[in-house]
Amino acid sequence: MRGLFITFEGPDGSGKSTQLQRMASYLNAQLYDVLTTREPGGTAISDQIRRIVLDPEHPEMAEQTEVLLYAASRAQHVQEKIKPALEQGKMVLCDRFVDASIAYQGFGLGFGEQTVQQINDFATGGLTPDRTYMIDVAPELSRERMNTRTTQEFTQELDRIEQKELEYHARVRQGFQTLAKQHQRIMLIDGNQSIESIHQLIVQDLLNLIKARTDSHS
Ligand code: ADP
């Protein structure tokens, strides 16, 4: 049986990787064969592409180029790592996938959902997660979780650039929420809950999914 492809989405600091790791430990303890991965996925080609995207020597990089390079890196990650693992029946847990590009580049940068979806459909050959756990938090909270600044510093008024950034992140959040409404595979989770409560929600859902699949194959 083909493995399950599970993705974790949400803004930085929403708690995606914490949940992914918790789930991987849980599944490993249940003796499932699990692959955890995140882009660029540790593939040599994807790593090189990522280096170009992040190279500070190239501030002239067009946003279109960036969208295509991220998609190129993802294509390699899918072909070299994700697809073979699924074919071997592994449970693949991936930190971010196409939904993130749609939220950040489609909604955040304003390229539009359809354009980013089409580019990524080509890149992934249409590979779609079986289930996506999307953690929803306000931009202020994700920033707080990422930040080591003290609470006192936080309450200070945001400067113009920080405010602009928050507007961008608000668009990204709206993008994630829009996707959650469109696709049944996406479970939108309130990220204000404790790590343990969110983990329990995900475990329950995933166990149901595994059971439904096993039943349909027996
Ligand atoms: P992401 O992968 O989405 O960037 P992380 O999983 O790395 O986020 O979490 C960012 C920080 O927030 C970590 O210090 C983590 O322990 C903390 N954190 C994660 N989930 C929660 C939660 N539900 N409540 C409080 N803190 C959390």
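For reference, positions follow the sequence shown, starting with 1.
Salt-bridge check for Arg2 with Asp130: passed, with a basic side-chain N closer than 4.0 Å to an acidic carboxylate O. We find that Lys16 and Glu9 are not joined by a salt bridge, their nearest charged nitrogen and carboxylate oxygen being 4.0 Å or further apart. One finds no salt bridge joining Arg51 and Asp55 here, because no Lys/Arg side-chain nitrogen approaches an Asp/Glu carboxylate oxygen to under 4.0 Å.
Considering CD1 of Ile6 and CD1 of Ile210, their distance stands at 7.5 Å, rounded to 0.5 Å. Note that the CZ atom of Arg173 and the OG1 atom of Thr178 stand 11.5 Å from one another [nearest 0.5 Å]. Between the CD1 atom in Ile202 and the CE atom in Met187 there is a gap of 7.0 Å [rounded to 0.5 Å]. With values rounded to the nearest 0.5 angstrom, Leu93 atom CG is found 12.5 Å from Ser17 atom OG. In this structure, the separation between CZ on Phe176 and CZ on Arg171 is 14.0 Å, given to the nearest 0.5 Å. Going from atom OG1 of Thr65 over to atom OH of Tyr70 covers 12.5 Å, rounded to the nearest 0.5 Å.
Closest of all the heavy-atom pairs between Ser197 and Ser194 is OG-OG, 2.8 Å. Counting all heavy atoms, side chain and backbone alike, Arg22 lies closest to Ile195 at NH1-CG2, 3.6 Å. Across Ala170 and Pro139, no two heavy atoms sit closer than the pair N-CG, 4.0 Å. Minimum heavy-atom separation, Ala85 to Leu35: CB-CD2, 3.7 Å. Annotation for Ala123 and Ala71: closest pair CB-O, 3.4 Å, computed over non-hydrogen atoms. Closest of all the heavy-atom pairs between Phe5 and Cys94 is CE1-CB, 3.8 Å.
In this structure, Val34 is not a member of the same hydrophobic cluster as Ile82, with clusters built from ILVMFWY side-chain heavy atoms closer than 4.5 Å. When the side chains of ILVMFWY residues are joined at heavy-atom separations under 4.5 Å, either directly or via intervening members, Ile198 and Leu188 end up in two distinct hydrophobic clusters. Val67 and Ile102 fall within a single hydrophobic cluster, where Ile, Leu, Val, Met, Phe, Trp and Tyr are joined by side-chain heavy atoms under 4.5 Å apart, directly or via other members. A chain of hydrophobic side-chain contacts below 4.5 Å, direct or via other Ile, Leu, Val, Met, Phe, Trp or Tyr residues, connects Val92 to Leu127. Linking ILVMFWY side-chain heavy atoms closer than 4.5 Å, directly or via other members, places Leu68 and Met61 in two distinct hydrophobic clusters.
If you run side chain to side chain contact (heavy atoms under 4.5 Å, CB included) between Leu20 and each of Thr37, Thr7, Asp95, only Asp95 comes through. Among Leu201, Asp136, Val137, the single residue meeting the side chain to side chain contact (heavy atoms under 4.5 Å, CB included) criterion with Ile189 is Leu201.
Judged by distance alone, the side chains of Gln200 and Glu196 do bring a donor and an acceptor atom under 3.5 Å apart.
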Chi angles and distances behind the side chain to side chain donor-acceptor pair (under 3.5 Å) call for Glu113, Gln117: CA-CA 6 Å; Glu113 182 181 347; Gln117 179 78 62; over 6 Å; no
Between His169 and Glu167, is the side chain to side chain donor-acceptor pair (under 3.5 Å) condition met? List the steps. CA-CA 5 Å; His169 287 294; Glu167 282 165 17; over 6 Å; no
Would you check, one step at a time, whether the test side-chain contact (heavy atoms from CB on, under 4.5 Å) holds for Met23 with Thr36? CA-CA 10 Å; Met23 184 49 72; Thr36 61; over 6 Å; no
Test log, rule side-chain contact (heavy atoms from CB on, under 4.5 Å), inputs Tyr133 and Gln19: CA-CA 9 Å; Tyr133 298 110; Gln19 293 300 332; over 6 Å; no
Checking side-chain contact (heavy atoms from CB on, under 4.5 Å) for the pair Phe8/Arg38: CA distance, chi angles, key distance, verdict? CA-CA 10 Å; Phe8 291 75; Arg38 62 184 310 153; over 6 Å; no
Assess the residue pair Ile186 and Asp99 against the criterion (side-chain contact (heavy atoms from CB on, under 4.5 Å)); give the C-alpha distance rounded to whole Å, side-chain angles, the decisive distance to 0.1 Å, and a yes or no. CA-CA 10 Å; Ile186 299 177; Asp99 295 324; 4.1 Å; yes
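Using a 4.5 Å cut-off on side-chain heavy atoms (C-beta onward), Val116 and Phe111 make contact. Under the 4.5 Å side-chain criterion, counting only non-hydrogen atoms from C-beta, Lys211 is not in contact with Leu207.
Other residues, nucleotides and ligands place more than 12 heavy atoms under 6.0 Å from the CD atom of Gln182. Applying the 6.0 Å contact sphere to CG of Leu209 captures more than 12 heavy atoms from other residues, nucleotides or ligands.
Using the six-membered ring where Trp is involved, Tyr104 and Tyr168 have ring planes that are tilted, between 30° and 60° apart.
For Ser46 (side chain) and Ser73 (main-chain N/O), a donor-acceptor pair under 3.5 Å exists by modelled atom type. Between the side chain of Arg96 and the main chain of Glu39, no donor-acceptor pair closer than 3.5 Å is present. A donor-acceptor pair under 3.5 Å is formed between the side chain of Arg74 and the backbone N or O of Phe97. Judged purely by atom type and a 3.5 angstrom limit, Thr132 has no side-chain atom pairing as donor or acceptor with the backbone of Met134. Side-chain N or O atoms of His217 include one that pairs as donor or acceptor with a backbone N or O of Arg213 at under 3.5 Å.
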